[in-house]
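What follows is a short report on a single structure.
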Amino acid sequence: MADIQDIGSYDFIVVGAGSAGCVLANRLSADPRNRVLVIEAGGNDSWIWYHIPIGYLYAIGNPRSDWMYKTEPQPGLNGRSLHYARGKVVGGCSAINAMVYMRGQAADYDGWRQLGLAGWGWDDVLPVFMGMEDNAAIAGPTHKTGGEWRVEKPRVRWDLTDAFRNAAAECGIPKVEDFNSGDNEGCAYFHVNQKRGRRWSAARGFLKPVLNRANLRLETNALVERLTFDGKRATGIEFARGNQRFRAGAKGEVVLTAGAINSPQLLELSGIGQAERLAKHGIPVLQDTPGVGENLQDHLQIRLIYKVDGVRTLNADNKSLWKKAGIALEYALFRTGPFTMAPSTLGAFTRSSPEYATPNVQFHVQPLSLDKFGDPLHDFPAFTASICNLRPTSRGTIHIRDASPATPAAIDPNYLSTIEDKRVAVDSIRLTRRLMQAPSLARFHPQEMKPGADVDTDRELEVAAGDLGATIFHPIGTAKMGVDSDRMAVLDGELRVRGIQGLRVADASAMPIITSGNTAAPTMVIAQKAADSILADAKRR
């Protein structure tokens, strides 16, 4: 390798231009006196499928746009290893994700506050959500317009999803219009991060509009290899692009926004982690922090697939060249139709059993079916009713395999490892079957393809959940916030790395407990609160 090149000193360095990093880049560079460097390991978002909403079908599982991570074999999934998609592009996962705008439940954030994390209750975060919104989907006291994060209603409809919504109402899951008031119980069409039929990524909303600022620099295709320190103060980063290596200094702070997989990996590579683990890989220990890479939580969905009769599905449309041409023409002319479709158009939040105080499961309903994302659609008319446990009790890990920054971390979500998670999985399958028998869906004669109606005992359904379970790509918690007495807390309530000066983690890694829904918007709130804290601390210095 060539000698390392110095690219200068900055007030703030943001590592990762994903959902969180784009927000931080925008906020930290708003003051022209702050020089801000943003480092992204992926490339630019010039590919068309980053912008046409249905492009997720082509982006997930494609090495051009996806880091192509894999989990360790999962005992709870009957030994299977799952594909673990992460966006390999400016905008990060917001460039390839489901585009679902979801805050979670008020009780999620009040639970964080009850852990001792002042400033993280629902009343604290709601104004942050609202301040970022440009919500064209719904008005009311908990929504605003004028922010950078565009929210719209879906621009496609299906008789099949309308029927599912009616069936849900027949089974006691009420029709609602808004999942984001703090109580998301009910069934509704997801509001999506799109603008006039195009995906609205964090890069489009927060980063690109400010890239002309003279004090903001973006480096892409740049893999950060390690953080640099003076004693226990972060002073900058070292990164590689191809065979070239570079360094950059930080006069103020380094902020990790590389996500729940790569932020803990970078901490460990830089000597912050469990001492014994670091020593095993020959990494000098800067700070013995045993919680780094622990506490991994994720939403596991059970993807039930049903054949149907007498109703349109995307599977059937995909078989016809004429219909595919019509879909493309509709999008070209009107920016409506299936090309605007999120992976899940309809959602429902409910309880898998009466013991839960708030909804503990979420449906994602899709008028299509396939074995996994990246695979072709099935050639028979069918839809998918996925259901996930919103608050799993299983906990996993993400840790380095060796001392090389180029080696992907070992991702071990430890799915379905608790009795409660297995019980929720079984109850979820039974709940879905009850919905299929409701009059509004029964008229389409839904025939269960996976797992199949003959799979019926609790033990058989546990095995089926392991066979069908798939991630919906919501890893969180691997550098969690916590109070002083929590030995496993990596961060304090201001997102500062404990024991280290000038270093924060401001992405989904910081969540102590997973939110009850899609995690992109909550991650952006974490970034906004980090920016507020960083700028306030800078004023005091």
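Heads up: numbering here begins at 1 and tracks the sequence.
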Problem - F349 side chain near M102 side chain, heavy-atom distance below 4.5 Å - result: yes

Exercise for the section: Determine yes or no for a side-chain-to-main-chain donor-acceptor pair under 3.5 angstrom, with S19 supplying the side chain and A202 the backbone. Expected result: no

Problem - Set of side chain to side chain contact (heavy atoms under 4.5 Å, CB included) partners for R226, sequence neighbours left out - result: T228, E238, S270

Handout entry: Distance-only polar pair, side chains of R391 and S516, donor-acceptor under 3.5 Å
Key = yes

Handout entry: Heavy-atom pair of closest approach, residues P522 and R103
Key = CG-O, 3.6 Å

Completion exercise
For E460, the side chain to side chain donor-acceptor pair (under 3.5 Å) test, sequence neighbours excluded, returns T457

Exercise for the section: State, with a plain yes or no, whether a side-chain heavy atom of P290 is found less than 4.5 Å away from one of R487. Expected result: yes

Exercise for the section: Can you sort out the partners of R434 under salt bridge (Lys or Arg N to Asp or Glu O under 4.0 Å), two or more places apart, ordered by chain and number? Expected result: none

Problem - Closest non-hydrogen atom pair, M99 against A342 - result: CE-CA, 3.7 Å

Practice task
State whether the side chain of T393 and the backbone N or O of T418 hold a donor-acceptor pair below 3.5 Å, judged by distance alone.
Solution key: no

Completion exercise
side chain to side chain donor-acceptor pair (under 3.5 Å) filter on R430, not counting sequence neighbours, yields D458

Handout entry: Distance in Å, M524 CE paired with S94 OG, rounded so as to fall on 0.5 Å steps
Key = 5.0 Å

Problem - Residues T358 and Q105: side-chain donor-acceptor under 3.5 angstrom - result: yes

Practice task
State, without any angle test, whether T515 and D108 hold a side-chain donor-acceptor pair at a distance under 3.5 Å.
Solution key: no

What side-chain donor-acceptor pairs closer than 3.5 Å can you find for residues 272-281, not counting sequence neighbours?
unit_1	atom_1	unit_2	atom_2	d
Q274	OE1	R277	N	3.1
R277	NH2	H399	NE2	3.4
H281	ND1	R401	O	3.3

Practice task
Return the set of residues passing side chain to side chain donor-acceptor pair (under 3.5 Å) with T161 (not counting sequence neighbours), or none when no residue passes.
Solution key: Y189

Exercise for the section: To the nearest 0.5 angstrom, please state how far the CZ atom of R395 sits from the CD1 atom of I513. Expected result: 7.0 Å

Practice task
For the residue pair I411 and I261, establish whether any side-chain heavy-atom pair is separated by less than 4.5 Å.
Solution key: yes

Handout entry: Contact summary for R198 and Y331, nearest pair of heavy atoms
Key = CG-OH, 3.7 Å

Problem - Under 3.5 Å side-chain donor-acceptor pair for D298 and Y415 - result: yes

Handout entry: Backbone of T478 reached by a side-chain donor or acceptor of Q297 within 3.5 Å
Key = no

Practice task
Verify, without hydrogens or angle tests, whether T313 (side chain) and L368 (backbone) share a donor-acceptor contact under 3.5 angstrom.
Solution key: no

Handout entry: ring-ring contact (aromatic ring centres under 6.0 Å, His included) between F444 and Y306, worked out
Key = CA-CA 10 Å; F444 300 132; Y306 291 87; over 10 Å; no

Problem - side chain to side chain donor-acceptor pair (under 3.5 Å) pairs, two or more places apart, involving residues 40-53 - result: D45-K208

Handout entry: Criterion side chain to side chain contact (heavy atoms under 4.5 Å, CB included) on L160 and L441, from CA distance to verdict
Key = CA-CA 8 Å; L160 180 57; L441 278 174; 4.2 Å; yes

Completion exercise
The reported gap from CE in M436 to CD in Q447 (rounded to nearest 0.5 angstrom) is 13.5 Å

Exercise for the section: Using ring-ring contact (aromatic ring centres under 6.0 Å, His included) as the criterion, list what pairs up with F190, not counting sequence neighbours. Expected result: F179, H364

Handout entry: From NZ (K319) to CG (L377), nearest 0.5 Å
Key = 11.5 Å

Practice task
Establish, from distance only, whether the side-chain atoms of R199 and N97 form a donor-acceptor pair under 3.5 Å.
Solution key: yes

Exercise for the section: Run the salt-bridge test on K450 and D371 with the 4.0 Å N-O cut-off and return the result as yes or no. Expected result: yes

Problem - Residues that H299 engages under ring-ring contact (aromatic ring centres under 6.0 Å, His included), provided they are two or more places apart - result: H474

Practice task
Please tell me if the side chains of C187 and V176 come closer than 4.5 Å, counting only heavy atoms from C-beta onward.
Solution key: no

Handout entry: Set of residues satisfying side chain to side chain donor-acceptor pair (under 3.5 Å) with respect to S417, sequence neighbours excluded
Key = S394, N414

Problem - salt bridge (Lys or Arg N to Asp or Glu O under 4.0 Å) partners for D317, two or more places apart - result: R312, K323

Problem - Minimal non-hydrogen separation, G482 against R498, with atom names - result: O-NH2, 2.5 Å

Exercise for the section: Indicate the atoms forming the closest heavy-atom contact of L304 with P451, along with that distance. Expected result: CG-CD, 4.1 Å

Exercise for the section: Answer with yes or no after comparing the ring centroid distance for Y84 and Y69 against a 6.0 Å cut-off, counting only values under it. Expected result: no

Practice task
Identify the heavy atoms of I526 and A506 that sit nearest to each other, and give their distance.
Solution key: CG2-C, 3.8 Å

Exercise for the section: Output, in order, the C-alpha distance, side-chain angles, deciding distance and verdict of side chain to side chain contact (heavy atoms under 4.5 Å, CB included) for I54 and Y56. Expected result: CA-CA 5 Å; I54 206 167; Y56 68 87; 4.0 Å; yes

Problem - Salt bridge flag under 4.0 Å for residues R157 and D159 - result: yes

Problem - Pair N389-D421, side-chain donor/acceptor within less than 3.5 Å - result: yes

Handout entry: Mutual orientation of the aromatic rings belonging to W112 and Y109 [parallel < 30°, tilted 30-60°, perpendicular > 60°]
Key = perpendicular

Exercise for the section: Indicate yes or no: does R433 engage E448 in a salt bridge with an N to O separation below 4.0 Å. Expected result: yes

Fill in the blank from the handout: Rounded to the nearest 0.5 angstrom, the CG-NE2 distance for L370 and H378 is 6.5 Å

Exercise for the section: Determine whether I398 and D412 make a side-chain contact, defined as any pair of heavy atoms from C-beta on separated by less than 4.5 Å. Expected result: no

Practice task
Could you grab the distance from atom OG1 of T397 to atom CG of N295, nearest 0.5 Å is fine?
Solution key: 11.0 Å

Practice task
Go through the side-chain N and O atoms of D507 and S509 and say whether any donor and acceptor fall under 3.5 Å apart.
Solution key: yes

Practice task
Please collect all salt bridge (charged side-chain N to carboxylate O under 4.0 Å, His left out) contacts where either partner lies in residues 337-362, sequence neighbours excluded, each pair once.
Solution key: E185-R351, E355-R423

Exercise for the section: Flag the pair N180 / F129 as yes when at least one side-chain heavy-atom distance between them is below 4.5 Å, and no otherwise. Expected result: no

